[in-house]
Amino acid sequence: MRFVFILCVDYWFTIWHARDREVWSLGYVCLLLTQGAIIYVAARLVVPAPASDQPIDLTAFFDHQRRKFMGAIATLAIVNEATNLTLDGFNTSLLAIMVIAWVVLAVTAFSFGSYRIQYAVAVTNVILTVWYAVTCVPSL
């Protein structure tokens with residue numbers, strides 16, 4: 001849930017960074033809307049909707065939603081890279097390597113259900129996202 005929150009903040013900064021763009025093409029707007037939609041889907045996949053007064057087992061819920069969630073995260077990483085390529089100063093090879101790392105991490109978490117692997121992927125995702133935000137988002 002924290003990771004999705006970080007994605008929401010990052011998305012806001014991406015849009016904030018784009019505010020100075022003089023021309024917004026339909027393709028660029030579609031990329032931004034696609035990012036927002038995927039983040040919304042990811043948030044819905046990671047937060048359970050209580051069906052009754054029974055306690056929610058977050059571990060079981062995540063195990064059930066893991067593949068869908070990681071698929072959404074891998075898709076988001078690819079769409080983010082396409083969006084970043086359209087922004088000045090964001091189309092670096094370092095950023096492309098980071099996107100590849102995010103996709104590899106998502107595929108790893110998609111493929112292996114081990115608690116240790118899931119935890120390692122989550123921690124690495126947060127570290128990569130925070131590093132990206134501090135390094136690549138000039139608004140910060």
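Because the structure is predicted, anything quoted here is derived from the model rather than measured.
In terms of hydrophobic clustering, with Ile, Leu, Val, Met, Phe, Trp and Tyr side chains grouped at heavy-atom distances under 4.5 Å, W102 and I97 are assigned to different clusters. Residues L33 and L7 share a hydrophobic cluster, clusters being chains of Ile/Leu/Val/Met/Phe/Trp/Tyr side chains in contact below 4.5 Å. Tracing side-chain contacts under 4.5 Å through hydrophobic residues (I, L, V, M, F, W, Y), one never reaches L105 starting from V123; they form parts of separate clusters. Under a hydrophobic clustering in which Ile, Leu, Val, Met, Phe, Trp and Tyr are joined whenever their side-chain heavy atoms come within less than 4.5 Å, directly or via other members, I15 and L26 fall into different clusters.
Residue M1 comes nearest to V47 through the heavy atom pair CG-CG2, 4.1 Å, listed as atom of the first residue, atom of the second, then distance. Considering all non-hydrogen atoms of both residues, G71 and T75 come closest at O-OG1, 2.8 Å. Considering all non-hydrogen atoms of both residues, L45 and A72 come closest at CD1-CB, 4.3 Å.
Each ring pair (Phe, Tyr, Trp, His ring centres under 6.0 Å) pair with one or both residues in residues 56-79, not counting sequence neighbours, would appear here, but there are none.
Two residues are said to be in side-chain contact when any heavy atoms from C-beta on lie closer than 4.5 Å; M98 and L128 meet this criterion.
Annotation: side-chain contact (heavy atoms from CB on, under 4.5 Å) contacts of V126 (sequence neighbours excluded): F3, I6, V130.
The CD1 atom of I38 lies 9.0 Å from the CD1 atom of I78; values are rounded to the nearest 0.5 Å. One distance of note links OG1 of T34 with CD1 of I39; it measures 11.0 Å at 0.5 Å rounding. Once rounded to the nearest 0.5 Å, the distance linking CD1 of I56 with CG of L58 reads 6.5 Å. Taken to the nearest 0.5 Å, the CG atom of L31 stands 11.5 Å off from the CH2 atom of W24. Separation of atoms OG1 (T59) and CZ (R66) is listed at 12.5 Å; rounding is to 0.5 Å.
Applying the 4.5 Å side-chain rule to ILVMFWY residues, one finds V104 in the same cluster as I100.
Put simply, the side chain of Q118 never gets that close to the backbone of D63: no donor and acceptor are under 3.5 Å apart. At distances below 3.5 Å, not a single donor-acceptor pair connects side-chain atoms of R67 with backbone N or O atoms of M70.
Using bins of under 30°, 30° to 60° and over 60° for the plane-to-plane angle, the ring pair Y119/Y115 lands in the parallel bin.
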